[in-house]
Structures are given as structure tokens and as C-alpha cells.
Visitor: 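This is the structure I have questions about; it appears just below.
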Amino acid sequence: MKRMKGTLEKLFDLLYSHFGPQHWWPGETELEIIVGAVLTQNTSWKNVEKAIENLKRAGKMDLNALHLTNESEVAKLIRPSGFFKLKASRLKNIVDFLFRAGGIEALKEKDLHELRETLLRIRGIGPETADSILLYALGKPVFVVDAYTRRILKRIGLIQRENVSYDEIQQLFMKNLPQDVQLYNEYHALFVKLGKTYCTKRTPNCNSCPALSICKYGKEMAYVR
DNA sequence: CTCCAGGGGGCCA
DNA sequence: TGGCCCCATGGA
């Protein structure tokens, strides 16, 4: 992997000037962000919204309430987000952890590296979910890599292989950009925006993309072999 | 009808 | 490690 200081900043500027600030994560509270991070695993955000709305309406978007609610009841409420039994179990795992940790606020004091490792040990919390929680709920400078990120990087030619690891992509950004929470927040959100709008699987070329300069720009260079 | 969506874990070579 | 399969609803 080559060094590419400057390149990623320019890509960010192109995205930001085209789409503007994204005001992420789409959730009102830290708990809601964490819940959303689990529910959106391989699931469209539209379906996640319905599940979150169900939880709110039932008065369950609250750490204590959620902790006291049994798993099958949670499963019933989050049904629209798919994989509902699996996700009810995963939600219970993270909620129990938060409860035992003394609440979300208490987590912010912990060492970032140790906290990430701890989150990754929870069943159902993988790298993307952990990093989403760290960045968007806890305000830690961690770059989130998701399916859109991969697809966009691949399409504009910044990565060439199909099997570039999560950590490899994350390091690409974190080693070449300042460790800035607000920058990482916007960058990932902008990738999702571009991904949802013009870089889906159903739009395999960039011809309809108004941010075409991004594609042309990326294709001139390859950074990850 | 088929394909896809802001993953993660288990299993096997 | 790396590839496959499973989990499941709702929209295109």
C-alpha cells in the first residue's frame, strides 16, 4: 500500500463540495445510534427505521427498559429490520454490556484500543459495528469501513484486489489523514451518500454520477495492490 | 420472479 | 486467511 497523503483529502473535498455536510449518525441519542448500528447489519436503513420506531413507540429506546425486556419481545419489535431473532440476541449482548459497564457515558473514559477490543469480543459486534459505535456514539477518532466504502474505492480504482481486509482499508485512511472525529464522521457519511445515490450494485458504471470527476480522478491511480 | 441492503459468525480446507 | 453459507424483512 502506497502512501497517499493529499489524495484522500482531495477525494473528501470533492465529495463534501458536491453533497455537503451529512449530519450523521441519523439518530437522536447515543443508545439509538448503537441500536441502529446493530440493526443495520446487511440491512437497508429504511427497514431499520421501522424497527427503531417500534422500539420507541414501545418505550424501549432506553438502556434500562431494554435491559429488562426479554429477547423475544425485542425480536417482535425489531422484526422489520430482518434477521430479527439474531439481532435481538445481538442487541441483548451489547445492552447487557453497556448496563454492566455503568452506562454509555462511562465508556468514553476508557482507553480507545482496549475499548475496541472489548467491543469486538461481544457476540454479534464485528469491526464495522464496533467502529460505528466508537465513532458515532462515543465520538472516538476511528474510521468506519462498510460495503459502500469498499465498492466506491474499488470502482474509482483506489483498491484493485477484491479481498482487501477491513483493517487494511481502515489503515489506508487513518494513516493518511489526521485523526479527526469530525473528518471521519463526514467522510464515511459521504461514502454512504454517494454509495446510495450513484454507486449501487444496480449502477455498475459511473456514467450517471454527477460527481463524475471523482471517478476520473480515482482511475488515474492505484494504491492498494 | 430475482436481486439487494450501511455484517457477523460458524465451518472447512 | 479465505471462501461459503446462514440469518429474514421489504423495496426495486
Visitor: Output the single nucleotide from C/dG10, C/dC7, C/dG2 whose closest atom is nearest the side chain of A/Phe83.
Guide: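 Shortest atom-to-atom distance from the side chain points to C/dC7.
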Visitor: Tell me what A/Arg151 touches on the nucleic acid: a base, only sugar-phosphate, or nothing, going by heavy atoms under 4.0 Å.
Guide: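 Touches sugar-phosphate only.
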Visitor: Counting the atoms with a prime plus P, OP1 and OP2 as sugar-phosphate, which does A/Asn47 contact under 4.0 Å by heavy atoms, base, sugar-phosphate, or nothing?
Guide: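 Base contact - A/Asn47 has a heavy atom under 4.0 Å of at least one base atom.
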Visitor: Within the structure shown, what part of the strands sits under 4.0 Å from A/Asp146 by heavy-atom distance: base, sugar-phosphate, or nothing?
Guide: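 It contacts sugar-phosphate atoms only.
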Visitor: What nucleic acid atoms does A/Ile122 come within less than 4.0 Å of, heavy atoms only: base, sugar-phosphate, or nothing?
Guide: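 If one applies the 4.0 Å heavy-atom cut-off, A/Ile122 turns out to touch the sugar-phosphate alone, with no base involved.
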Visitor: Quickly work out the A/Trp45 CH2 to B/dG7 C1' distance and round it to whole Å.
Guide: 14 Å
Visitor: Are the side chains of A/Asn64 and A/Phe99 in touch, meaning some heavy atoms are under 4.5 Å apart?
Guide: yes
Visitor: Within this structure, what is the CG-CD1 distance for the pair A/Leu77 and A/Ile52, rounded to the nearest 0.5 Å?
Guide: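 CD1 of A/Ile52 is found 12.5 Å from CG of A/Leu77.
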Visitor: Output yes when at least one side-chain N/O atom of A/Asn42 is less than 4.0 Å from OP1 or OP2 of C/dC7, else no.
Guide: no
Visitor: Can you confirm whether A/Val38 sits close enough to A/Thr129 that some side-chain heavy atom of one is under 4.5 Å from a side-chain heavy atom of the other?
Guide: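 Side-chain contact under 4.5 Å: yes.
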Visitor: How do A/Arg79 and A/Ser165 order along DNA chain C: which one's closest nucleotide is nearer the 5' end?
Guide: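 Result: A/Ser165.
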Visitor: At under 4.0 Å between heavy atoms, what does A/Arg90 touch on the DNA or RNA strands: base, sugar-phosphate, or nothing?
Guide: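 It contacts base atoms.
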Visitor: Between C/dA8 and A/Thr43, is there an OP1 or OP2 to side-chain N/O distance shorter than 4.0 Å?
Guide: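 For C/dA8, neither OP1 nor OP2 has a side-chain N or O of A/Thr43 closer than 4.0 Å.
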Visitor: If you look at every strand shown and take non-hydrogen atoms under 4.0 Å, does A/Lys196 touch a base, only sugar-phosphate, or nothing?
Guide: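 Base contact.
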Visitor: Please step through side-chain contact (heavy atoms from CB on, under 4.5 Å) for the pair A/Lys92 and A/Asp96, ending with a clear verdict.
Guide: CA-CA 6 Å; A/Lys92 183 171 180 55; A/Asp96 285 353; 3.7 Å; yes
Visitor: Base, sugar-phosphate, or nothing for A/Lys85, non-hydrogen atoms under 4.0 angstrom?
Guide: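 Contact class for A/Lys85: sugar-phosphate only.
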Visitor: To the nearest Å, give me how far apart NZ (A/Lys46) and P (C/dG11) are.
Guide: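 One finds 9 Å between P of C/dG11 and NZ of A/Lys46, rounded.
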Visitor: Taking OP1 and OP2 of B/dT2, is either one under 4.0 Å from a side-chain nitrogen or oxygen of A/Lys201?
Guide: no
Visitor: Taking for each residue the nucleotide of DNA chain B with the nearest heavy atom, is it A/Ala147 or A/Arg202 whose nucleotide lies nearer the 5' end?
Guide: A/Arg202
Visitor: Quick one: label A/Gly126 by what it contacts on the DNA or RNA (base, sugar-phosphate, nothing), any heavy atom closer than 4.0 Å.
Guide: sugar-phosphate
